[in-house]
Amino acid sequence: MQLHSTRLALALLGLAALILMIGMQSAAAQEAVEAAASAAPAAPAYDKGDISWMLVSTLLVLMMAVPGLALFYGGMVRAKNVLSVSMQVFVTFSVLSVLWAIYGYSIAFTGGNEFFGGFSRTFLAGMLDAAGNLKPAATFSKGVYIPEYLYAAFQMTFAGITACLIVGAFAERMKFSAVLLFMVLWFTFSYLPIAHMVWFWAGPDAYTDATAAEAAGKSAGFLFQKGALDFAGGTVVHINAGIAGLVGCLLVGKRKGYGTMAMAPHNVPFIMIGAALLWVGWFGFNAGSNLEANAFAAQVFINTFLATAAAVCGWTFAEWIFRRTPTMLGAASGAVAGLVAITPACGWVGPMGSLVIGALAGVVCLFAVTKLKSALGYDDSLDVFGVHCVGGILGAILTGVFNNPALGGTGIYDYVAGTWGFAGTFNQVISQLWGVGVTLLWSGIVSFICYKIVDLVIGLRASEEHETEGLDTVEHGERGYSL
Amino acid sequence: MQLHSTRLALALLGLAALILMIGMQSAAAQEAVEAAASAAPAAPAYDKGDISWMLVSTLLVLMMAVPGLALFYGGMVRAKNVLSVSMQVFVTFSVLSVLWAIYGYSIAFTGGNEFFGGFSRTFLAGMLDAAGNLKPAATFSKGVYIPEYLYAAFQMTFAGITACLIVGAFAERMKFSAVLLFMVLWFTFSYLPIAHMVWFWAGPDAYTDATAAEAAGKSAGFLFQKGALDFAGGTVVHINAGIAGLVGCLLVGKRKGYGTMAMAPHNVPFIMIGAALLWVGWFGFNAGSNLEANAFAAQVFINTFLATAAAVCGWTFAEWIFRRTPTMLGAASGAVAGLVAITPACGWVGPMGSLVIGALAGVVCLFAVTKLKSALGYDDSLDVFGVHCVGGILGAILTGVFNNPALGGTGIYDYVAGTWGFAGTFNQVISQLWGVGVTLLWSGIVSFICYKIVDLVIGLRASEEHETEGLDTVEHGERGYSL
Amino acid sequence: MQLHSTRLALALLGLAALILMIGMQSAAAQEAVEAAASAAPAAPAYDKGDISWMLVSTLLVLMMAVPGLALFYGGMVRAKNVLSVSMQVFVTFSVLSVLWAIYGYSIAFTGGNEFFGGFSRTFLAGMLDAAGNLKPAATFSKGVYIPEYLYAAFQMTFAGITACLIVGAFAERMKFSAVLLFMVLWFTFSYLPIAHMVWFWAGPDAYTDATAAEAAGKSAGFLFQKGALDFAGGTVVHINAGIAGLVGCLLVGKRKGYGTMAMAPHNVPFIMIGAALLWVGWFGFNAGSNLEANAFAAQVFINTFLATAAAVCGWTFAEWIFRRTPTMLGAASGAVAGLVAITPACGWVGPMGSLVIGALAGVVCLFAVTKLKSALGYDDSLDVFGVHCVGGILGAILTGVFNNPALGGTGIYDYVAGTWGFAGTFNQVISQLWGVGVTLLWSGIVSFICYKIVDLVIGLRASEEHETEGLDTVEHGERGYSL
Amino acid sequence: MKLITAIIKPFKLDDVRQAVADIGVQGITVTEVQGFGRQRGHTELYRGAEYRVDFLPKTKIELAVDDSIVEQVIEALSNVARTGKVGDGKVFVIGLEQTVRIRTGEMGVEAV
Amino acid sequence: MKLITAIIKPFKLDDVRQAVADIGVQGITVTEVQGFGRQRGHTELYRGAEYRVDFLPKTKIELAVDDSIVEQVIEALSNVARTGKVGDGKVFVIGLEQTVRIRTGEMGVEAV
Amino acid sequence: MKLITAIIKPFKLDDVRQAVADIGVQGITVTEVQGFGRQRGHTELYRGAEYRVDFLPKTKIELAVDDSIVEQVIEALSNVARTGKVGDGKVFVIGLEQTVRIRTGEMGVEAV
Ligand SMILES: Nc1ncnc2c1ncn2[C@@H]1O[C@H](COP(=O)(O)OP(=O)(O)O)[C@@H](O)[C@H]1O
Ligand SMILES: Nc1ncnc2c1ncn2[C@@H]1O[C@H](COP(=O)(O)OP(=O)(O)O)[C@@H](O)[C@H]1O
Ligand SMILES: Nc1ncnc2c1ncn2[C@@H]1O[C@H](COP(=O)(O)OP(=O)(O)O)[C@@H](O)[C@H]1O
């Protein structure tokens, strides 16, 4: 294995160097070309309040991943694997950030077909105008822009954290080299296209009249066209990662001793810190997805807050009633479940709808990680499926329900007419199910193939001996604690 | 006890569901009605810089509570109670956030009498205008507004963290169910009225001329009318929580072995992290209380910063001189003491006044938790009284002193004349003492009654056996660490 | 020693009180005087977006120091010294914040000669106009200002964290009193003048025409005049602290048992948290150094992000290849190395240049802390020199290289002509080397003298017995953990 | 010389130490251990998993004492360590063939 | 009475406990220890430093049993603790001169 | 066979291990313990509270050795563990009635 990994690393490093050299050329070259082509205003008057908020939002999502998720997951495994899990999060996030700059952003967020974008922004090229000013990216308001670099940075953090979420499913037994290779493949063939399908569109300025709107609509991603509402990434992030996790833990197999040995979390306070930082950071995720600091951001914000609080209550009290005692791990898990479920909904519902979504998410995800999991018998180490996939599906569907203005929801904005409407609960839920179904299928199948490839090339699973000793010393030559 | 708790939980859950259902109806209904009634401009041009800052401030206060306070307190108890304390913070904060949305905000921040507000904003109703735009809430500048949802969210975090502070006083011995029930009662009957008394007013726009000002003045809360200055919550938050803590630890009694057994903090680095996050987050608390990102926010910010730094120095050097060695727990406590003391003052004094306030707070609170505490002999586990109440009183009084423009203070703004004046040190200190005295009395008495009720209904204290074993395994079925 | 320290503390405390009393007077007095003298607009229309971002940036840098650096360093030492190191960071930061307000800001950021500023802003005097409004400080755009209090607060955090960085070099063996005394001396005689040399200038408004520009140029700091580019503090912060660390660890000598005993980090997850918070907070450091939330801040932001991610990859993969396994400590160190190297460059290069700078920093610093360190044989406990000084020098030089517009860099702005130019790679690198060389010499020599003074006055090193027992119990009367 | 080993409830340590010191035993060595026995443990819940934790934290103390005071020591420590509830622990006595004080090289009863 | 002390691989603890319980041993005392022996440790890397960590985490279990079942207990625990790889550990048997149950004061075989 | 138990200062562990290895003792078992004895502890301060911490971190090492080398081992380990300051610790020697290597079932001197 040692040799394998080393060769892999060398290859990756060499490749990276090569690509970068090409990139720097092409970036410089393309800029001149692109500058002319861009349809958006040459030097828009950005609002500094928007920029301030989006800078903050971006760093908040970074904070969700590291240290947030790294701790949340790190605390949940046994002490002998704490570094292994944190390391997988830390390095996956870094590698994908680099790849995002090289080709990820371009494939996800430039025009192409309904499933994949193009290559015009590879190496982040073409984001400066001829005068060296930062070109704009669209928001959800006509005539309001943020610098495209900022949009690319914000979305970069989404790509990174989504992949990191998967780590929890096969924690404590997968080889580090296998994790990294899988992540690169999955990012390229699952994350990028699904982000494109759900989020890519021409921007509000294109919706000038009915004809233009139709044309614009057709240039958008596949699920965007289906009318699936996903404000901040319920499908792209949570369902996508959750199903990839389930497939992973099924393929890699159960941990040695699962079901017979105690596998208690080794550091519950770390879990608490992690969950709390996820809560805090998630405002960047959700209210940041509003892309501007207008008044509506406040609604997204309070929705996110209340859903989380309600989910903590939901999980904790349900646990108290049905499982004897309320636990810290439960409260922390409840917070995450609520955050997951409100993610697609946060910009489409009202505060009372958010309370209901949160409370339900707390109870449903508790059910998922207890009854459902033990019924199906898979070993999803840190419940990526039970919390992110189940919570994501619940949130996606309830978005369709509570979007209803009669339930305090916002309805949907018609950029041409300038009015708010509502598609009807049934129609909207159908749209939502399109989003859920396509994501489950696409990510499920792509994940399966990626795992199989990795298994063939370098093998997925650490040896039994290594698993017993713990991945920290074996794979990373370190111990978490010397107290 | 098990049965009791379970029944309690069930009841709470059922109640919550019921209330929400009603709420969703009423929220939808009221919106139409309220829209017309609102006196403020229909769709004010919010400044995105203000919104950006207030979003950040709100999440900073969240971060103070979780993970900040949960860690600060969690690290200070013995290892067997770390989850118990964190859990009390985490769940109290969540439960009160939900109740805040249901009735708390309305009672604290709508007009009513001098002590309680009304019910017009229950379920956060009435905060959207007929067109679905977010209605404005006043700031301290005429013609400057932030969305009311944002104001409500910001204030929600204040309510949550204030209650959480109390947890430290009776840590390591109170039952989880008792904590929650007490918190709900105390929040309703102490926090909400005191917030109303101190902070509720008609907003600056109402102060058009002398007559209008007088009328507006009479609609404000009781202590607001008394002229007590409290920029960010010295009375409402710290004195209020501190005295409730003192009453609590007296009623629940000392921890078993207190005074004879060593009860060293189990994880001092956690205390350091917690204190540092409190410091960072407190800028949301203090500079956020400015409600807009105008230049003055910078003064509030630097005041807060310097007072904290000075208090760290004050406590540390005093400890070095009088108690042999400077300790990490001391430096961390000093930071919190400084933050507490500058809270009421931060918008009314200058940077040099802040240095003095901070340095004094460090020394005085050290004295309070050593000499005063051992003289009086109560067991306030984590010194809620010694730091928050004593520091809060000190800060409240010194606000009256350093508000003096001759000492670099701001004086007080006359919204009608548009000029700054100063009430005179003596007068202002008297006003401050009104704030201190009323809060001590109100919260002290209400707390006493609430504890007694809880004691009658479910009992305050965990059994001796449970206390010895530690609340983590007994009440939450978990252990903090499996290293 | 006890007596010594106590006397020191007493003296410091008394001094502080005295100074403050004088300060309060002088502050009040000076304000009237200064108000007239100030050249900048009386009451500029600040952009609230700028203020919001700079408030956030300031608190982010605070978060880098505490808890970020305190944890990063705290986790890396042995358990018996965890509090000692955290405490040194916490208290150094606080003491220097107070001194910054008293005289630091004035000496660094007011006009004087090329090496030192003057005393007009001691006690933060003169920052309010006659009407009590906050006076402006310049940014890098003509006609754009932020309140000077805010600028002073932002820069305060830089001074504090820079000194704290040094702590890592002589960790686990230096007396607390010696650390504090050294810090005060070094701050005064190394940090303040170097900050003045690199950053002090008249501001963009002074560059109205060629003659004015020349005059303005001559009033700037020594290294500013040499044309050394340092966007966010590569020289002032990292080289400055790094060389002071090297001198320190050489003078204080190796830790007992260094090279023969295992000195593994006691808490690697803490290191991970620390590094991640440094990453998050560094956006305040770097993008905050842009001083406004204009579009360009987005470029600084994404540059910082990508360099860090690339450095994590660089260090991790290099370790994998050359040192057998990729480690968590390595990934964390890589992040910091990348952040250090991009610090001077972040506002002068493009994203692809940032990727290269980051990747190189990861590899070069790994080499520095392994080969270089073992070749030279010094005991820089936490590699302050290997990461901050080496990374800082690398970044400074590469700034000169990648500033080239042909490599995607920005070039340099000519405030008079309003155009962008480039000095030529060779010329620019020479300018950069001026910055590097002067900082190394100045800080190296000053540090040497300061350490010697401290050694004479109170002695640098803890006794062998104390070092063996661990500084936590001996110097602070506490233990980190009682698990 | 005998080596007395006692397994006791952790919170009794201070009392036991005092009690044996009163008899004149100057030194003891203490180890944190986990005990399985008649005393029941507790249940822990982590999401889907429920573990019976059978082991209980106990404290082991070891004292090397002269034969003459063995009975007295056992008596004293048993008395203070006793709560009367299950799980109070055990005392084991083993013969010591040799005892050395490292600092001085003293042996036997001189060494403790 | 004998005191049986076994040093085993930590992940074998549950099996061993079960095995001796099946023979009727009701109580055991467990300590986390570090073992040095023939089994090789691992190498740790921290930036510039590389440490050979020779000690390995082991679990020590102590059981006081009646003389009559000593052989049986050793047999049973050895069987389940054996993996056949180096590092499986040791069993030591020591004579117990006295045993007391603190709760009741019972002595000898009654006490365990 | 004898079981030698030594309580030493923690930072002496590496030296002691080396010293006994030089004599040919291949395996040892190490436990972190807390010692109370003549050596004084330190005082800890936590806000209002001041605790005298009497226990000191010590390291216990256990070695099963053949009777023939007992003296030699005690000699060697005492020499390197000695600092001459109070708190250096003790050595206890106990008779071993039986020794088994779990991996192979070997007994007695073969087992260590
Ligand atoms: N046979 C034994 N050998 C070694 N240790 C034992 C034995 N029996 C009990 N112990 C230890 O004594 C502790 C208390 O024993 P237990 O049976 O729970 O209660 P009691 O001593 O009151 O009957 C156990 O937790 C275990 O550490
Ligand atoms: N002579 C000894 N005295 C005390 N403990 C020993 C001795 N030899 C080995 N051990 C313990 O037994 C463990 C296993 O021994 P080792 O030599 O690694 O393998 P094995 O027992 O399979 O030959 C060691 O880690 C150590 O804890
Ligand atoms: N009678 C005893 N029984 C068991 N352990 C002892 C005894 N006396 C001392 N010890 C252990 O030896 C250690 C050192 O003993 P101490 O009296 O401090 O110093 P010294 O051995 O140099 O006289 C103690 O910390 C304790 O762990």
Side-chain angles (χ1 to χ4, degrees), chain A residues 2 5-6 9-10 12-13 16-17 20 23-24 27-28 46-53 55-56 58-59 62-63 66-67 70-71 74 82-83 86-87 90-91 93-95 97-98 101 123-124 132-134 146-147 149-150 152-153 156 176 267 270 273 475-483, chain C residues 47-50 52-53 56 60 78-79 264-269 272-273 275-277 279-280 283 287 292-299 301-302 305-306 308-310 312-313 316-318 320-321 324-329 331-332 335 350-353 355-356 359 406-408 410 420 481 483:
Chain A
Q2 208 43 59
S5 320
T6 311
L10 263 172
L12 280 177
L13 209 69
L20 263 174
M24 211 117 52
Y46 298 115
D47 190 296
K48 286 175 160 184
D50 289 340
I51 293 180
S52 176
W53 173 240
L55 292 171
V56 171
T58 307
L59 64 86
L62 168 63
M63 188 176 80
V66 290
L71 271 178
V82 57
L83 299 183
S86 323
M87 183 77 179
F90 210 97
V91 178
F93 192 85
S94 298
V95 168
S97 295
V98 172
F123 303 100
L124 302 182
N133 293 317
L134 278 71
I146 57 170
Y149 271 156
L150 186 45
M156 173 162 64
F176 184 59
N267 199 326
F270 275 4
I273 308 176
E475 295 238 304
H476 305 291
E478 292 171 305
R479 254 168 320 129
Y481 311 93
S482 310
L483 295 176
Chain C
D47 190 297
K48 287 174 159 184
D50 290 338
S52 174
W53 173 239
V56 171
L60 284 173
R78 287 163 291 174
H266 88 282
N267 199 325
V268 183
M272 187 279 294
I273 308 177
L277 291 181
W279 188 350
V280 171
F283 292 109
E292 47 170 330
N294 61 3
F296 190 64
Q299 182 165 340
F301 190 100
I302 202 167
F305 205 123
L306 290 176
T308 315
V312 170
C313 298
T316 309
F317 288 114
W320 207 340
I321 296 167
R324 202 172 51 85
T325 55
T327 66
M328 184 72 246
L329 176 60
M352 292 302 120
L355 277 182
V356 177
L407 294 169
T410 60
W420 291 91
Y481 310 93
L483 295 175

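Scope of the values below: all heavy atoms of this structure, side chains included, with no hydrogens, waters or symmetry mates. Residue numbers begin at 1 in each chain, while the letters A, B, ... track the order of the sequences.
Across all their heavy atoms, I302(C) and M156(A) have their closest contact at CG1-CE, 4.3 Å. The heavy-atom pair separating S52(A) from G49(C) by the smallest distance is CB-O, 3.7 Å. Scanning both residues, L306(C) and S97(A), for their nearest heavy atoms gives CD2-O, 3.7 Å. Residue V312(C) comes nearest to F90(A) through the heavy atom pair CG2-CE2, 3.9 Å, listed as atom of the first residue, atom of the second, then distance.
Ranking P147(A), G74(A), G132(A) against chain C, the residue ahead of the rest is P147(A), based on heavy-atom pairs under 4.5 Å. Residue with the most contacts toward chain A among A297(C), A298(C), A293(C), G350(C): A293(C) (heavy-atom pairs, distance under 4.5 Å). Most heavy-atom pairs under 4.5 Å with chain A, from the set D50(C), T316(C), V56(C): that is D50(C). When each of A101(A), A70(A), S94(A) is scored by its heavy-atom pairs under 4.5 Å with chain C, the top score falls to S94(A). In terms of heavy-atom pairs under 4.5 angstrom with chain A, the leader among A275(C), A332(C), A295(C) is A295(C). Of the listed residues (A152(A), A153(A), P67(A)), the one with the most heavy-atom contacts under 4.5 Å to chain C is P67(A). Chosen from T308(C), L483(C), N294(C), the residue pairing most often with chain A at heavy-atom distances under 4.5 Å is N294(C). Per-residue counts of heavy-atom pairs under 4.5 Å with chain A were compared for N267(C), L277(C), T410(C); the largest is that of N267(C).
Only the side chain of V82(A) has a heavy atom closer than 4.5 Å to any heavy atom of chain C.
Atom CE in M352(C) sits 7.0 Å away from atom CZ in F123(A) (nearest 0.5 Å). For the atom pair CZ (F296(C)) and OH (Y46(A)), the distance works out to 13.0 Å, reported to the nearest 0.5 Å. The CG atom of D47(C) sits 7.0 Å away from the CG atom of D47(A) when rounded to the nearest 0.5 Å. Rounded to the nearest 0.5 Å, atoms OG (S86(A)) and CE (M328(C)) are 6.0 Å apart. With rounding to the nearest 0.5 Å, the separation of OH in Y481(A) from OH in Y481(C) is 9.0 Å. If you take CZ on F270(A) and CD1 on I273(C), they are separated by 4.5 Å, rounding to the nearest 0.5 Å.
By the 4.5 Å heavy-atom criterion applied to side chains, K48(A) and E292(C) are counted as neighbours. I51(A) is not listed as a side-chain neighbour of F301(C), based on a closest heavy-atom distance of 4.5 Å or more. Residues T58(A) and F283(C) form no side-chain contact, since every pair of their non-hydrogen atoms from C-beta on lies 4.5 Å or further apart. With contacts defined as side-chain heavy-atom distances shorter than 4.5 Å, the pair H476(A)/L329(C) does not qualify.
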(request) Show your working on side-chain contact (heavy atoms from CB on, under 4.5 Å) between F305(C) and L62(A) and close with a plain yes or no. (result) CA-CA 9 Å; F305(C) 205 123; L62(A) 168 63; 4.1 Å; yes

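Note: W279(C) and F93(A) have perpendicular aromatic rings, judged against thresholds of 30 and 60 degrees for the angle between ring planes.
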